[in-house]
Amino acid sequence: MKIPLSWLKDYVDFEDTVEGLADKLTFSGVEVEGIERLGGGVAGVVVGEVLAIEKHPNADKLTLCKVNFGGASEMTVVCGAPNVAVGGKYPFAPLGTALPCGITIEKRKVRGVFSEGMLCAEDELGISDNHDGLMVLDAKWAPGTALSEVMGPPETVIEVEITPNRPDCLSLLGIAREVAALYGTKVKAPDTALAESDPAAEQATSVAVEDLNDCPRYTARILRDVKVGPSPDWMKRRLEAAGVRAINNIVDITNYVMLECGQPLHAFDQKLLAEGRIVVRHPKPGEKILTLDGVERALEPQMLVIADAAKPMAVAGVMGGEHSGINETTTDVLLESASFRPAAIRSTSKKLGMLSESAYRFMRGVDAELAEFGSRRAAKLMCELAGAKLLKGVVDVRSAPKQPWTVVCRPARLEALLGVKAVPEEIAKVFESLELKVLRRSPDAIEVQVPTFREDLTREADLIEEYARIYGLKKLPPVRSMATLVPDADDKPAQAQGRLREVLAGLGLQQIMNYSFLAEKLLDLFDKDHAPNRAKLANPLTADHTTMRDALLPQMVETIGLNYSRQVSEVAFFETGRVFRLGPDGKPTEEDHVAAGLSGPVGRMGLDKFRPVDELEMFLWIKGLWEQAAAALNLRGASLRPADRPWSEPGRGMEIVVDGAVVGWLGLLSAGIAKEWRIHEPVGLLEAAAKLLVKDVEAMQALVPPPSFPSIRRDAALIVATGVRHERVLEVARAAAPAELEKVELFDIYQGKNLGEGRKSMAYAFTYRSKAGTLTDEAANGFQEKVNAALKAQLPAEIREG
Amino acid sequence: MDIKEVDGWTAQALSELAGAADGAALEALRVKYIGRNGMLPALMQGLKDVPAADKPAMGQALNRFKTGVTAAVAERKAALEAAAKAAKAGAFDLSLPGRWPRRGRLHPIQQLIDKTSAIFRRMGFTVADGPDVETEYYNFDALNTPADHVSRDVQDTFYLPGGLLLRTQTSAVQARYMESRKPPVRIVCPGRCYRRDTTDATHSANFHQIEGLYVDEKVSLADLKGDIDHFARELMGPGVKSRFRTHFFPFTEPSVEVDFSCHMCGGKGCRVCKQSGWIEIMGAGMVDPNVFKLAGYDPEMVTGYAFGMGIERLAMILFGIDDIRRLYENDVRYLAQF
Ligand SMILES: [Zn+2]
């Protein structure tokens, strides 16, 4: 809302700079969003008319303008503005003028031609930052008119934002009340004394309100002999400074009074109302209305209209109708000043897509007791400015008036809540400055009567806030911060999730974050079977965000695809986030998940990166990532089992089992899905429910001391059929070896022509160690012979010892 | 054999040693001149045939031979070794790129959630958590939001079937937590929130907040000021201050908006703070008595403060991010810089 300061000063006196005022208002809850300075002009600058334009002989971008500025002779001015035109009127600074930008105009040569003055842009006059071209003035101004006359008197406008709890501040008087409280002055209410004449208004019209719940009050005054015409300049300037377009004196007065006191008003041409009377009712089926903006609008039964005896003439509180509006021939005015139920106006305004100044105020709440004041004030101005004759009295249809209520504030409670010392006298003074009537004051309690326009003040806490904001939040005492320790507060689950993220980042993965909702077709691509259990938004905003994610992998692959398309093919990502699935009761359940995605030579370094990555290598990386993460998380009871997923390449998926429950999967992305993002390299993926993965983060296991005796290593290269698996080798070796076999490590796999078709070489290192003493070479040889014999017989294998 | 001859040998040996090209040549010369079967033992052998009168002078000449050659061998050896070392060092390319498999980073939003949570944890707050899918009760009713409040509108809030919704604020955790335990309560709740905003440079339909709640006997607005001041210094630097402006939220009374003095310019005014010297960081206030009543706490017995701030907004301020969408685009070249 825009507040012209000269207008505000009609209602309240205060001694401060505009910046000081803005600061006080902002800290007390009326946020000043901007300060704008209008009008004023610059001494010496006048209206100049360009009579002719010639090209500058020595410069392409400059012109020579003949300017009439009301002086004895015309001046030739060198001008560089792109928008200069013959017949145009612009601010002209004659020789000797000092401009706010620091230039004093002198007769001087510009590229060899004398310039006798200057045509100005807005920035040169200090009006704005605009330097796009000359400031264009209305054609009506005679050359030589002072710019200060064109611009009007100087005005400062502050723009304020009013929070929803303070509809009473949506007016100049409302702001004036705040200013008066902040500066300890009094509000000067405008005059509403009326000169009325016969007959009585109720003989000239009638008002019927069919729904007093939606329209708790409707008042009508009748004015005759109205002369519609333009408003006086002072009123037009004020309206324009407040951001409202001037139309004619009657409409302008309704707007002026609304801005002044917050009461929206509407003026009907009474002769255009069937039977000259008002019926406030809900629309009948099929009823339409042509609103003032020229649009025909269908009305719905729960909306409220202001009708005449026959049909709707206005959408109540939102917008007037085209057919009953004030026009040049209007002589009889029916002045509406009413109040409507906020929720009803909000719903109608939203349905019709119309947010007028009236609707905005009614939505937030207009005090029904304000209707009389607004009506009297507007009627008075219509008598004064439009020569109207006011009929006696007012037709006032209303529900029972709201009575002021009382609230008690205990100074002790105020001190406890704010942490400031306060004496009852001071508290009472603050309340009185806000027009709260102090009924009773004791050291223990201050009882106040709240005026009806402060509907937000119903409880002690509300009064305490009033004290705090007027007392000044800047004066809050600095209290030393103390860490209060709360017994039994436990955030270990949150810390464990943090540990999981640290482990994954420590393993070299970059964390990513994706939205919790996405397009369902992306989820379908990875797992169509889950579709019935997905939670869908009832009111999605875009087609890309319709469904809550039930897995993290689809966006993981999408992210890899995005980076891939930007020529970044080597990435290692993880994401932790919630997934959502419908439970058996049809309600969404949530689970924290973790996902990882690898592409490119993530497990290699340096020059090795330049070889393509094959499927086995990528699979071993994603599996290795899992093994390292599980070990770092101290996870016990975890294993992997071969299991394909709809998204995985056949035979390249495994499920993650923890304590007997399947908690996730890892494997390679199927080539069919990878193609969607034009990825033609293996992609390793992992997704698991996070909770069980971190179950042992805090647990300690019994420590094993480092071994006391040295170990002995024996190597063996097994030549076996290509179908022999590593786990089978381990199984056979372990079964045959004595307890001294500490570990078996695969260190090479080789397939080559020299081995023959269908055969491969697997090289293993066997480490033996005794807990009782240092092993001899002979003993180690004996162990290895046993192992070799078993491998030869059971795999079967040919063995080359190392 | 005379002295002249011996000195001649000495001169020749020194000259040959100085020219020894490598370790092997040097060793051959050493053997030739001072080795067990070399020239020196042979010359020493000849000393006995020298007339007695000449013996002292001859002895000195032989000594010159021995010490001179021995020293020259050592000197040449050191020179050859130094040259070899230099050659080896020169062949070592220090400028080759280093090798280490990978580095990982946390997402900038995660970093700020962790950083803010850590500060509050040191101040005695516990990290609490609640569901993303909420009921209208916890997201609105329990927070004293009027039944017809605009924020409940389908324009602004994402709804799911069955009257559920995606929480619009982490404040929803407050009521759940208070219902489940008795005061005192001192929690922060970082988490994901959702608003039906069209995503643009400064809005994201999916975003993060961190919420704080402290309830006890005699918690005051001045306590909130002290705690927020402390947080401001911890988060943004030792000189940073906070200030309160009166505002309105349904779930607090009094309500304030909190600005931090600009960490970039120290309050003098710069681009980051739009020349004001202050940056709006959070909303806060004293817990509304209605919120306590709904949670089953007696507002006559306890008071409390609550605050909440947007993590994305913090990220934009602290990291200088110009477009919120970059945070969710997940281009690794951007994320890896944080
Ligand atoms: Zn700054």
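These numbers were taken from a predicted model, which means no experiment stands behind them. Just so we're on the same page: letters track the sequence lines, and every chain starts at 1.
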Chemist: Please state whether the side chain, the backbone, both or neither of A/Leu537 comes within less than 4.5 Å of a heavy atom of chain B.
Modeler: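 For A/Leu537, backbone and side chain are both near chain B.
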Chemist: Could you check whether B/Arg181 pairs with A/Asp488 (Lys NZ or Arg NE/NH1/NH2 to Asp/Glu carboxylate O, under 4.0 Å)?
Modeler: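 Judged by the 4.0 Å cut-off on N to carboxylate O distance, B/Arg181 and A/Asp488 do not form a salt bridge.
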Chemist: In terms of heavy-atom proximity below 4.5 Å to chain B, should A/Ala416 be classed as side chain, backbone, both, or neither?
Modeler: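 Only the backbone of A/Ala416 comes within 4.5 Å of chain B.
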Chemist: Looking at CZ of B/Phe338 and CD of A/Gln510, how far apart are the two atoms once the value is rounded to the nearest 0.5 Å?
Modeler: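 Rounded to the nearest 0.5 Å, the CZ-CD separation comes out at 9.5 Å.
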Chemist: What I want to find out is whether A/Arg410 reaches B/Glu300 closely enough, with some N-O distance under 4.0 Å, to be called a salt bridge.
Modeler: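 Result for this pair is yes, salt bridge flagged.
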Chemist: At a heavy-atom separation under 4.5 Å, does A/Asp456 approach chain B through its side chain, its backbone, both, or neither?
Modeler: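 Neither part, no heavy atoms under 4.5 Å.
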Chemist: Verify the distance criterion only: is there a donor paired with an acceptor across the side chains of B/Thr126 and A/Asp491 at less than 3.5 Å?
Modeler: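 Not at all, the side chains of B/Thr126 and A/Asp491 share no donor-acceptor pair under 3.5 Å.
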Chemist: What I want to find out is whether A/Arg578 reaches B/Asp129 closely enough, with some N-O distance under 4.0 Å, to be called a salt bridge.
Modeler: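 Salt bridge present between A/Arg578 and B/Asp129.
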Chemist: Got a second to check how far B/Arg243's CZ is from A/Lys474's NZ, nearest 0.5 Å?
Modeler: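 The distance works out to 6.5 Å.
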Chemist: With a 4.5 angstrom heavy-atom cut-off, is it the side chain or the backbone of A/Asn165 that approaches chain B, or both, or neither?
Modeler: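 Interface part for A/Asn165: both.
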Chemist: Considering only heavy atoms and a distance below 4.5 Å, find which of A/Ile512, A/Thr163, A/Thr576 pairs most often with chain B.
Modeler: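 Highest number of heavy-atom pairs under 4.5 Å: A/Ile512.
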Chemist: So for A/Val602, is it side chain, backbone, both, or neither that comes closer than 4.5 Å to the heavy atoms of chain B?
Modeler: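 Interface part for A/Val602: both.
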Chemist: Where does A/Pro540 contact chain B at under 4.5 Å (heavy atoms): side chain, backbone, both or neither?
Modeler: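 Just its backbone gets close to chain B.
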Chemist: Donor-acceptor pairs are to be reported for all side-chain atoms of residues 247-254 of chain B against protein atoms at under 3.5 Å, with residues two or more places apart or in another chain.
Modeler:
{"from": "B/Thr252", "atom 1": "OG1", "to": "B/Ser255", "atom 2": "OG", "distance (Å)": "2.7"}

Chemist: Parallel, tilted or perpendicular for B/Tyr328 and A/Tyr515, by the 30°/60° rule?
Modeler: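 Perpendicular: the ring planes of B/Tyr328 and A/Tyr515 meet at over 60°.
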